Amino acid sequence: MPLRFAPAPAPARQSVLSALDSGAGPGPARLRPELALPVHEITGVSRQGPPRTGLTGWRFLLAPVPAAPAPDGKSAAPGPSSPPPLSAAETMPTADGWAFAHFRGGPYVSATLRALDQAEGLPLPYQPRLLSVPELYMLTLWLHSVPDADPAAHFPDAADLVIPLAPAPPGIASHQPQRVDTLLPLLTHRLRSVPLIGA
């Protein structure tokens with residue numbers, strides 16, 4: 001079932017385009033925003049009472065701009081094969097709207113692409129988001145079960161799915177889709193079993 005990507009705020013996308021046009025992007029290749037995902041952060045998982053979530057930004061996965069055809073209309077001869085750059089651009093909310101924050105690389109970018117491929121094979125439609133668990137240095141693909149929901153709102157529903165991205169914390173299997181009501185108790189147990197620094 002196809003995923004239903006929520007449209008990113010136009011000022012957020014424009015801030016990424018401006019950063020790319022300025023030459024600040026990663027690598028020598030020209031890049032463009034390909035996919036956009038709202039980034040939510042969940043906190044208070046280990047405390048008494050319900051945890052809290054909030055929208056902290058939008059992440060744009062970047063793809064190389066296709067090479068322009070040669071003047072004679074033929075495609076340019078292929079060069080040495082190399083994987084496309086795996087990178088992303090982060091934006092953050094500001095008092096005036098949205099602003100470019102930074103470019104990001106690393107394993108979570110490729111893990112996000114892998115998780116999106118996994119999610120495309122699921123039988124129900126979902127709205128894809130990213131859900132960060134900063135207390136565990138963990139990032140998940142959050143598949144919200146209301147595909148047309150406001151991407152800035154909603155605490156994860158019990159029936160929502162999450163796919164922990166690799167690398168996941170010890171004891172949590174990466175790239176194994178789980179219901180939120182299954183994963184949250186596991187996160188709580190994991191956090192409460194970590195000794196406090198200086199204790």
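Being a predicted model, the structure only gives us computed values, none of them experimental. Just so you know, these numbers use all the heavy atoms, side chains as well, and skip hydrogens, waters and symmetry mates.
Looking at residues two or more places apart in sequence or on another chain, you find no salt bridge (Lys or Arg N to Asp or Glu O under 4.0 Å) involving Asp150. Applying the side-chain contact (heavy atoms from CB on, under 4.5 Å) test to Ser110 and every residue at least two apart in sequence or in another chain returns Leu86. With sequence neighbours excluded, the residues satisfying salt bridge (Lys or Arg N to Asp or Glu O under 4.0 Å) with Asp148 are Arg4. Applying the salt bridge (Lys or Arg N to Asp or Glu O under 4.0 Å) rule to Glu34 yields the partners Arg32; only residues at least two apart in sequence or on another chain are considered. Partners of Arg114 according to the side-chain contact (heavy atoms from CB on, under 4.5 Å) rule, which considers only residues two or more places apart in sequence or in another chain, are Gln118, His175. When the salt bridge (Lys or Arg N to Asp or Glu O under 4.0 Å) test is applied to Arg129, no partner is found at least two apart in sequence or on another chain.
Considering every non-hydrogen atom in both Ala12 and Thr91, the closest pair reads O-CG2, 3.6 Å. Taking each heavy atom of Pro134 and Thr43 in turn, the nearest pair found is CG-CG2, 4.1 Å. Closest heavy-atom contact between Ser174 and Ala168: CB-CB, 3.9 Å. When all heavy atoms of Gly57 and Leu55 are compared, the closest pair comes out as O-CD1, 3.5 Å. Shown here for Pro128 and Pro38, the closest heavy-atom pair between the two residues is O-CD, 3.8 Å. Between Leu116 and Leu35, the shortest heavy-atom contact is CD1-CD1, 3.9 Å.
Here the CG-CG distance, from Leu37 to Leu61, works out to 5.5 Å after rounding to the nearest 0.5 Å. Here OG of Ser145 is found 9.0 Å from CG of Leu124. Values are rounded to the nearest 0.5 Å. With rounding to the nearest 0.5 angstrom, the OH atom of Tyr108 is 9.5 Å from the OG1 atom of Thr140. One finds the CG atom of Asp160 at 10.0 Å from the CG atom of Leu131 (value rounded to the nearest 0.5 Å). Going from atom CD of Glu90 over to atom CH2 of Trp58 covers 12.5 Å, rounded to the nearest 0.5 Å. Atoms CZ and CZ, from Phe100 and Phe60 in turn, are 11.0 Å apart once rounded to the nearest 0.5 Å.
Inter-residue side-chain proximity for Leu20 and Leu62 is flagged as met; some heavy-atom pair is nearer than 4.5 Å. Residues Ile172 and Pro169 are in side-chain contact: their nearest non-hydrogen atoms beyond the backbone lie under 4.5 Å apart. Proximity of Arg30 to Pro64: side-chain heavy atoms (C-beta onward) are nowhere separated by under 4.5 Å. Between Leu161 and Leu122, some side-chain heavy-atom pair lies under the 4.5 Å cut-off. Side-chain contact between Trp98 and Pro9 is present, with heavy atoms from C-beta onward closer than 4.5 Å. Using a 4.5 Å heavy-atom threshold, the side chains of Pro151 and His40 count as separate. A heavy-atom distance below 4.5 Å is found between the side chains of Leu184 and Ile42. Contact annotation: the side chain of Leu17 approaches that of Pro33 to within less than 4.5 Å [non-hydrogen atoms, C-beta and beyond].
Under the 30°/60° scheme for interplanar angles, the aromatic rings of His144 and Trp142 are found to stand perpendicular.
Residues Leu130 and Met92 fall into different hydrophobic clusters, defined by Ile, Leu, Val, Met, Phe, Trp and Tyr side chains chained together at heavy-atom separations under 4.5 Å. No continuous path of hydrophobic side-chain contacts links Leu143 to Val146 [ILVMFWY only; heavy atoms under 4.5 Å]. No path of Ile, Leu, Val, Met, Phe, Trp and Tyr side chains, each step under 4.5 Å between heavy atoms, connects Leu183 with Tyr137, placing them in separate hydrophobic clusters.
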